[in-house]
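First up is the structure itself, then whatever we jot down about it.
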Amino acid sequence: MNSLSRRKFLKISGAAAGIAATGTALVRAAGNTSRKAAATGVRKIPTFCDICFWKCGAIASVKDGILWKIEGNPLDPLSRGRLCPRGTGGIGAHFDPDRLRAPLMRKKTRGEEEWVEVTWDEALTFIAKKMQTIKASYGPEAVALFSHGIGGNFIKHTIKAFGTPNIAAPSFAQCRGPRDVGFRLTFGEDVSSPERTDIRNAQCLVLIGCHLGENMHNTQVQEFADAVGNGASVIVVDPRFSIAASKAKYYLPIKPGTDLALVLAWMNVIVGEGLYDKEYVEKYGFGFDQFAAYIRHCTPEWAYPETGIDPELVRATAREMARYRPATLVHPGRHATWYGDDTQRSRALALLNALLGSWGRKGGFYYPVSMDVPAYPYPPYPKTEKGKVDNPDHKYPFAHETITTGIRDGTLTGQPYPVKGWLVYATNLMHALPNEQETIKAIQNLDLLVVIDVIPSEIAGWADVVLPESVYLERFDDLNVEWFRDPFVALRQPVVDAPHEQKPNWWIAKQLAEKLDLGEYYPWSDIEDYFRTRLSGAGLRYDELKARGIILGPKQPNYFDEGVPAQFPTPTGKIEFTSPQLAQAGFDPVPVYKRPAGGPAGYYRLLFGRAPVHSFGRTHTNRILSDMMSENEVWVNPVTARRHDLRDGQYVRLKNQDGVSSNRIKVNVTERIRTDCVYMVHGFGHTARGLRHALGKGASDAQLITQYATDPLMGGTAMNINFVTFEAQEA
Ligand code: SF4
């Protein structure tokens, strides 16, 4: 293990020790009610984490009836027995004094956050009546659901039974969508989630704006540590010297927005010097000659004025990648909505991997496998007459999931048909979607806005009804039948009772369905009946899953070399170096670089990312995690700082190109960022009054993202096109 990783793990261990002490104090503060408050001794209960969507297997300990700590489940291939810092601090969600406690109904004008507490029956009866009224006037499609994570499965089921196809998650159009479309166009398959990246076996790992270690997806970070420990060569491309960059053999501080030029130049070198995997490309590739002819002009010298990267460094890194192929993994990243050319940039990353022969090969991209656990035999959902609202006339022809901002547009314009009801599950749309004023305007057109969450987020502040969900340590969720390197099924189960009126999502979804006269879609009386039915269909025992938290299936092949058939479900059945389907739809069949627009003089491109101790804006009232990071900072190069007379540690406000100002934020003057951009961690700067512990701490990048560019292939919203300057300096 390398030195940084050792420090990181020491920090995690230290945090775990701190949790024990902090947790005890929080128990006293929150008046904890446990499932077996009278029990003494330690009980250990397997479950899986929900502090982010990664779903790491965990074992929670309850000591003398009080939630005590949570650790990784050694049986689980995702956590490998270790949780990330957020997962370790997950117990703070149970004790959070700011969490929602009872159903709330709006008292006054939307957005004023004035509530009256109601019973569950009152809240669900009101919602069901409103939904039926909307359905009678506009059809069931006029109700939409925004959802995030596995917890949304049962709400989705209810909404599908109601008859609407308008179900979206920001994880597509605001995050990984362009990446998945770019890889699908090339290999015929998505990168999927968890990513099918064989990091632990990579001998050369290329990270382009991909912040492993800050973006804390547990398995990937552990595998990154393994790869570095095994001596893998790491190449990092980033305008900011990230944690991952500190592990790199080569660091390329690229000018923001020019990544596609660099990738084309790399491919120019690899093809021009004959370094690519010729056998693989000849066997599996389509349209290679046309592709090679196009990239002939994309030399490192051509790319240099765009990227600012020395041509010799481009050549050296291209040769380094070729040296280790096929065990060279050019990581596809996750949050890919940057500049508007995102699908084509992701396609270029896919093509670079194809040249290196890494798809389907050890150290590149493995083939994920899954247990065969049948779905519950529900009645079929009603057919929609109107189709989806988000993408009229297939304006974005390669969108294979619903576009959140497309639903927002439909709600704003009433085209192609009106949308009058939103259900929002576990996603803070005010932070997730760009241009919050557009979101607020769309909300004004609604007859019903329901938010189901564990904390009173900004979007909850605009709701008509807020439903408090129990946190993951207090509830069952759907089975996790994951597509991963190893097949397995995992169970989330309650460890302690919810302390107030909070309810699990499955209960909320079932009750709502019954009030909508859709009880036939919930033939099971209790969720454990549902589990038993599904598991018995797979020949598995629920009792075993409950006791162990996970059941592993037999090992299956993951690579072409192990017998996975090399099939590429593209229209040509090959890896499409030149894409006939893109050409047919009027797009460039080979990615073409276009220079990004700059900002006004004296403004700096706003970049944003993640911190290892927080998930979006969902964890800032978790006292254990906020102890580790309670506010964000804006990273500013010393040259920029001198130009604006900024001191390290002082507070400023950021103002964007449209005159929108942020909350105050602390300046971090650092050489670790270029002079043409600034950087902040996403999710801070909360304005919701109920988030008492997080209110006003740090600044919100979302507030400053008033501009966005829409990817013409799939409708993703690129957000790294905003620029900020500094104002109103304060002590
Ligand atoms: S990556 Fe961390 S926060 Fe996410 S599920 Fe795993 S342990 Fe929990």
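Order of listing sets the numbers, starting from 1, for every ligand and every atom in it.
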Using 30° and 60° as the class limits, which term best fits the ring planes of Phe183 and Trp359: parallel, tilted or perpendicular? tilted
Regarding Thr717 and Gln174, do their side chains bring together a donor and an acceptor under 3.5 Å, going by distance alone? yes
Side chains of Asp180 and His400 only: does a donor on one sit below 3.5 Å from an acceptor on the other? no
Polar protein atoms (N, O or S) that approach atom 6 (Fe) of ligand 1 to under 2.8 Å: Cys56 SG
Rounding to 0.5 Å, atoms CZ (Arg618) and CD1 (Ile51) come to a distance of 8.5 Å
Which pairs pass salt bridge (Lys or Arg N to Asp or Glu O under 4.0 Å) with one or both residues in residues 328-337, sequence neighbours excluded? Glu195-Arg334
More than 12 foreign heavy atoms under 6.0 Å from CZ of Arg532: is that the case here? yes
